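Keep in mind that this is a model prediction, so the values were computed, not measured.
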Amino acid sequence: MEKKPFNPGPRPFNANGNNANRGAQRRPEKNAYPNNINEHIRAREVRLVGDNVTAGIYSIQEAIKIAEDLELDLVEISPNAEPPVCKVLDYQKYLYQQKKKAKEIKAKSTKIVVKEIRFGPQTDDHDYNFKLKHAIGFLQEGAKVKAYVFFKGRSILFKEQGEVLLLRFANDLEDYGKVEQMPVLEGKRMIIMLSPKKK
């Protein structure tokens with residue numbers, strides 16, 4: 001099947017109702033694509049690269065003609081170079097590959113989730129073990145755990161007790177997570193941060 005060079009679409013009609021492609025040499029409408037292609041390239045001369053072409057400096061007309069003869073597109077890949085660097089390629093295919101690559105990168109960049117676990121300064125063993133179990137689950141799922149002891153009113157007097165509780169918590173989780181931040185008092189909360197261990 002014959003491959004047609006990439007076409008950004010028809011240009012609008014001018015005020016007289018004639019297509020803007022006809023008549024006097026009109027400048028192409030603004031390019032809606034990430035790269036300047038074919039007639040949207042403004043330079044008089046370009047450095048041509050690509051498969052099946054002789055690399056070198058060509059006039060823009062010669063470069064477009066080479067791309068057309070190969071049934072491909074002339075794509076400006078380094079507009080700030082002197083002269084600009086253009087590549088002969090299938091632009092639709094190129095855009096598809098770029099989109100696919102961006103999608104893969106997005107999929108790989110994992111979103112960091114932080115789960116919070118709250119303790120009182122005098123948490124009993126049953127409640128402690130229940131929260132410990134949850135924290136193990138969160139760390140195994142790859143989430144960070146922000147554990148804190150909340151001090152109400154005069155219970156701030158038990159801050160050492162809260163620190164001991166958080167250090168015990170971190171110690172019980174050492175097989176699943178590592179301490180990112182040691183217990184620190186922020187207002188009425190003493191916080192410890194744990195991140196999952198890499199598998």
Side-chain angles (χ1 to χ4, degrees), residues 1-116 138-146 176-181 184 191 193-199:
M1 189 174 148
E2 189 182 334
K3 154 85 176 71
K4 289 183 180 176
F6 185 78
N7 182 3
R11 278 172 241 159
F13 287 87
N14 59 24
N16 303 323
N18 299 321
N19 191 297
N21 282 320
R22 300 160 112 198
Q25 288 290 321
R26 289 182 172 272
R27 286 198 156 196
E29 295 300 314
K30 193 175 184 307
N31 186 20
Y33 293 91
N35 306 81
N36 286 327
I37 61 165
N38 303 326
E39 75 274 8
H40 290 282
I41 298 165
R42 295 274 178 264
R44 289 183 180 182
E45 282 188 334
V46 296
R47 183 178 299 280
L48 196 62
V49 296
D51 300 327
N52 305 320
V53 298
T54 306
I57 295 171
Y58 295 84
S59 73
I60 188 64
Q61 293 84 0
E62 285 177 309
I64 288 174
K65 174 89 170 58
I66 290 166
E68 282 175 354
D69 289 347
L70 291 166
E71 295 177 357
L72 294 169
D73 306 295
L74 185 68
V75 181
E76 192 176 49
I77 54 170
S78 292
N80 299 325
E82 194 55 56
V85 179
C86 292
K87 195 168 187 178
V88 173
L89 49 79
D90 180 339
Y91 194 54
Q92 279 176 311
K93 191 177 175 183
Y94 172 78
L95 284 179
Y96 171 76
Q97 285 169 341
Q98 293 297 99
K99 203 173 174 184
K100 196 177 171 186
K101 207 179 279 181
K103 214 173 179 182
E104 283 169 4
I105 291 167
K106 197 178 175 184
K108 281 179 187 173
S109 63
T110 50
K111 199 176 175 184
I112 301 295
V113 178
V114 179
K115 299 282 190 178
E116 290 193 354
F138 295 147
L139 290 167
Q140 285 177 329
E141 287 166 13
K144 287 188 178 186
V145 171
K146 181 181 185 177
Y176 307 96
K178 58 180 179 184
V179 176
E180 205 172 83
Q181 177 192 298
V184 61
I191 299 162
M193 282 289 290
L194 297 120
S195 56
K197 277 192 172 176
K198 287 179 182 176
K199 292 172 186 177

> Will you find, in the side chains of Tyr91 and Asn38, an N or O donor that is under 3.5 Å from an N or O acceptor?
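Per modelled atom types, Tyr91 and Asn38 side chains form no pair under 3.5 Å.
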> For a quick test of reading the model, state the closest non-hydrogen atom pair linking Val88 to Ala67 and the distance between them.
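For Val88 and Ala67, the tightest heavy-atom pair comes out as CG1-CA, 4.1 Å.
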> For a 4.5 angstrom cut-off between non-hydrogen side-chain atoms, does Ile60 reach Leu74?
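With C-beta onward as the side chain, the pair touches.
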> Check whether Asp90 reaches the backbone of Leu72 with its side chain - one donor and one acceptor, N or O, closer than 3.5 Å.
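A pair under 3.5 Å: no.
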> Any chance you could measure Lys115, atom NZ, to Leu139, atom CG, to the nearest 0.5 Å?
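The distance works out to 11.5 Å.
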> Report the distance from atom CD1 of Ile57 to atom CG of Leu48, rounding to the nearest 0.5 Å.
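Output value for this atom pair is 10.5 Å.
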> From Lys65 NZ over to Asp69 CG, what is the distance, rounded to the nearest 0.5 angstrom?
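CG of Asp69 is found 3.5 Å from NZ of Lys65.
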> Quick one: pull up CG in Leu194 and CD in Gln181 and give me the separation to the nearest 0.5 Å.
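Those atoms lie 10.0 Å apart.
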> Name the one of Lys144, Gln140, Glu141, Lys178 that satisfies side-chain contact (heavy atoms from CB on, under 4.5 Å) with Pro196?
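Of all the options given, the one that passes is Lys144.
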> Which distance, rounded to the nearest 0.5 Å, do you find between the CG of Leu89 and the CD of Gln97?
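So the CG of Leu89 and the CD of Gln97 are separated by 9.0 Å.
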> Can you measure from CD (Glu62) to CD1 (Ile64) and round to the nearest 0.5 angstrom?
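Answer rounded to 0.5 Å: 11.0 Å.
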> Looking only at heavy atoms, which two atoms of Pro84 and Glu45 are closest? And how far apart?
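Pro84 and Glu45 have their closest heavy atoms at CD-O, 3.6 Å.
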> Show the nearest heavy-atom pair for residues Pro83 and Arg47, with the distance to one decimal.
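So the two residues come closest at CG-N, 3.9 Å.
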